[in-house]
Amino acid sequence: MSIITVSASKHSNLLRLLTSHTFLRRLSTEPPEPQPPPQQKTSNHNSIITEALQLLQTPGNEWNTTQLNQLLFPDSPPSSSSPRLFYQITRRLPSSSQALKFLNYLQNNSPSSPDTQSLLSYTFQAIFELAFCEPESNANLSRLYKTSKELNIPLTVNAASFLLRAYGRSELVEESFILFNDLDPSVKTTYLRNVWLSILLRSGRVKDALKVIDEMFESNEDSNCRPNDATGDVLFSFLLKRERNGEILSEDEIVNLVLKFGDHGVLISSFWMGRLITRLCRNRKTNRAWDLFTEMIKLGAVLESATCNSLLTGLAREGNFNRMNELMAKMVEMDIQPNVVTFGILINHMCNKTGDLKFAQKVMRKMIKAGVVPTVATYGALINAYCLNGNVNEAMEIFKDMKAASKVPPNTVIYNILIDSLCKNNKVKSAVSLMEDMKIRGVTPNTTTYNAIFKGLRDEKDLEKVFEFMDRMIEHACNPDYITMEILTEWLSAVGEIERLKKFVAGCEVSGSSAQKASART
DNA sequence: GTCGCCCTTC
């Protein structure tokens with residue numbers, strides 16, 4: 001971690017920003033009143049649907065076509081018979097095979113008009129949708145596609161998308177290519193291409209997917225297949241998935257894609273923007289994150305508090321106080337509210353290693369006054385700040401306050417900070433009593449906790465206690481890491497307790513494997 | 001409709 005050297009005047013500058021009228025006012029803003037839902041419209045559309053469905057309840061070969069015709073085609077030419085009506089009726093039929101019979105009836109009975117083909121296409125879409133939800137649907141959908149071609153009924157956008165998705169979930173990527181190329185250009189809308197895109201990405205055809213996007217970008221400004229927000233979401237949600245870390249495209253390549261979208265007037269969602277900036281900052285590419293951030297603002301992007309928090313953390317880690325200040329000013333300017341996390345970052349990074357703990361407390365007080373409720377991590381940041389400044393007594397006071405008054409109970413991390421700091425300040429007895437406190441309060445120690453206490457006990461040469469905690473570690477199936485092993489191996493072998501060490505290792509293997517079995521069972 | 005929920009403490 002870097003040491004931040006900041007002048008006091010810059011501190012007060014920041015504090016002023018943080019607690020500026022705008023900031024505080026934003027913090028206490030109430031959410032807007034919910035709007036009443038728009039009044040529902042009723043029409044005789046619905047009664048036609050209900051009546052038609054009643055007539056269609058009898059077996060297919062017994063349908064009263066005269067009555068149906070009167071209901072569905074009351075006038076000729078059928079000016080009002082929108083394809084939507086036929087879609088809605090078909091969609092409510094019990095199965096795709098029933099729906100196919102209805103289609104057959106429509107083909108034979110609908111008076112010919114310019115609307116006929118559209119009517120049949122919409123009916124066919126409903127058939128696809130029904131089939132999509134039925135068992136064995138994938139084979140069925142392929143058959144239906146063939147039927148539609150034989151009957152010369154063009155697919156609607158939605159019908160094509162159901163078919164594409166069916167191919168996608170059956171991993172029939174080659175078939176999806178054939179279908180896509182076979183479709184009429186008018187059907188290949190942005191929406192359909194987005195569906196196609198997600199299928200390509202999921203099946204690992206990243207290059208093909210990027211080609212589709214390029215085509216979309218190269219299409220005319222007024223075409224129906226320009227990339228939209230969803231295009232960006234489909235692509236970037238794929239590239240920035242939690243478990244992915246640059247193995248598909250490098251971060252720089254992803255940034256370039258984001259900028260390309262931006263140049264074409266598509267701003268990716270603030271959520272994915274945030275994810276990308278977070279990732280850049282975590283991978284020590286804070287400059288790149290900063291450039292992207294400022295570029296997106298220039299393009300008019302709306303960014304979230306969480307994104308700014310990531311960037312603040314990255315800048316703080318580098319000790320770039322000027323840019324932190326600049327970012328805070330931008331937040332005020334752009335109405336991005338600082339939240340409890342923002343305050344946590346400031347407490348943690350702004351008062352470390354300079355020792356300006358008054359600043360930390362000031363931030364905390366202002367924050368509470370502004371109605372922002374501190375979380376366990378906020379207290380963690382404050383306690384950590386005190387500990388890092390060698391003021392463990394004051395840190396313990398905050399900890400006691402936390403237990404006594406606050407509704408925020410201390411967690412493992414809080415105990416870890418204190419136990420580590422107490423041990424480093426030769427207050428191992430107090431650290432041990434915190435271990436007991438954890439036990440009483442039901443806070444589970446983890447490997448970090450044991451490592452901290454082991455180091456303290458080693459300095460005190462307290463073999464009796466270390467054996468006790470080693471047993472407890474095994475008992476609670478807490479796995480040692482390389483730090484644990486390093487401390488114990490060095491110390492115990494030096495004092496001739498190899499057997500005790502071996503017993504510990506064997507115990508860990510047993511408890512480790514039983515823990516694995518337990519988690520496998522759940 | 002298609003995508004899916006980033007940020008602070010050991």
Side-chain angles (χ1 to χ4, degrees), chain A residues 1 125 129 132 156-158 160-162 164-165 168 189-202 227-242 268-282 289 303-314 316-317 336-350 352 360 363-364 367 372 374-388 395 398-399 402 408 410-424 445-453 455 483:
Chain A
M1 211 186 278
Q125 178 189 317
E129 289 184 25
F132 192 77
T156 62
V157 174
N158 281 330
S161 84
F162 272 100
L164 271 181
R165 271 185 276 166
T189 59
T190 301
Y191 168 67
L192 191 88
R193 282 170 200 261
N194 289 346
V195 172
W196 171 230
L197 206 55
S198 65
I199 292 165
L200 286 176
L201 289 170
R202 256 179 310 199
N228 62 9
D229 290 354
T231 316
D233 272 355
V234 170
L235 177 65
F236 293 104
S237 64
F238 175 79
L239 292 174
L240 295 167
K241 260 194 186 12
R242 193 197 296 276
I268 75 164
S269 74
S270 57
F271 179 81
W272 294 114
M273 192 65 220
R275 177 69 73 86
L276 180 56
I277 284 182
T278 302
R279 194 163 291 184
L280 287 167
C281 288
R282 281 201 182 145
L303 297 162
E304 296 171 16
S305 312
T307 309
C308 298
N309 290 342
S310 289
L311 201 48
L312 278 172
T313 308
R317 200 191 291 119
I336 304 171
Q337 306 173 27
N339 58 18
V340 65
V341 179
T342 320
F343 289 107
I345 296 165
L346 294 173
I347 289 168
N348 182 48
H349 292 282
M350 304 305 292
N352 290 351
V363 172
M364 191 89 168
M367 175 178 134
V372 178
T375 67
V376 66
T378 319
Y379 282 107
L382 194 62
I383 288 172
N384 192 41
Y386 276 89
C387 288
L388 286 175
I398 300 167
F399 170 70
M402 223 178 143
V408 190
N411 64 7
T412 306
V413 179
I414 300 282
Y415 279 98
N416 288 354
I417 297 166
L418 288 168
I419 289 169
D420 186 56
S421 187
L422 286 168
C423 287
K424 281 177 180 157
N446 60 20
T447 310
T448 311
T449 325
Y450 285 108
N451 289 350
I453 197 75
K455 274 185 209 163
I483 298 170

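Reminder, nothing fancy here: chain letters follow the sequence lines and each chain counts from 1.
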**OP:** Could you check A:Y415 against A:F399 for ring pair (Phe, Tyr, Trp, His ring centres under 6.0 Å), going step by step and ending with a plain yes or no?
**Re:** CA-CA 9 Å; A:Y415 279 98; A:F399 170 70; 5.3 Å; yes
**OP:** State the CZ-CZ distance between A:F238 and A:R202, to the nearest 0.5 angstrom.
**Re:** 9.5 Å
From [options], pick the nucleotide closest to the side chain of [X]?
| X | options | value |
| --- | --- | --- |
| A:S198 | B:dT8, B:dC6, B:dC3 | B:dC3 |
| A:R275 | B:dT8, B:dT9, B:dC5 | B:dC5 |
| A:I414 | B:dT8, B:dC3, B:dT9 | B:dT9 |
| A:A230 | B:dT2, B:dC5, B:dT9 | B:dT2 |
| A:D233 | B:dC10, B:dC3, B:dG4 | B:dC3 |
| A:Y191 | B:dT2, B:dC10, B:dC3 | B:dT2 |
| A:T378 | B:dC6, B:dT8, B:dC3 | B:dT8 |
| A:V157 | B:dG1, B:dT2, B:dC10 | B:dG1 |
| A:V234 | B:dC3, B:dT9, B:dC6 | B:dC3 |
| A:I417 | B:dC10, B:dT8, B:dC3 | B:dC10 |

Take the protein atom [atom1] of [X] and the nucleotide atom [atom2] of [N], then report the distance between them rounded to whole Å.
| X | N | atom1 | atom2 | value |
| --- | --- | --- | --- | --- |
| A:K241 | B:dG4 | NZ | P | 4 Å |
| A:W196 | B:dG1 | CH2 | P | 24 Å |
| A:I268 | B:dC3 | CD1 | P | 17 Å |
| A:N228 | B:dC3 | CG | P | 13 Å |
| A:D229 | B:dG4 | CG | P | 16 Å |
| A:N339 | B:dT9 | CG | P | 14 Å |
| A:I277 | B:dT8 | CD1 | P | 14 Å |
| A:F162 | B:dT2 | CZ | C1' | 11 Å |

Checking [Y] against [X]: is there a side-chain donor and acceptor pair closer than 3.5 Å?
| X | Y | answer |
| --- | --- | --- |
| A:S270 | A:E304 | yes |
| A:N309 | A:T342 | yes |
| A:T231 | A:N194 | yes |
| A:T448 | A:N451 | no |

Original post:
What is the nucleic acid contact for A:T448, judged by heavy atoms within less than 4.0 Å: base, sugar-phosphate only, or nothing?
Top reply: base
Original post:
Taking atom types as they are modelled, is there a donor-acceptor pair under 3.5 Å from the base of B:dG1 to the side chain of A:N158?
Top reply: yes
Subject >> A:N348 side-chain N/O to B:dT8 phosphate OP1/OP2 under 4.0 Å >> reply: no
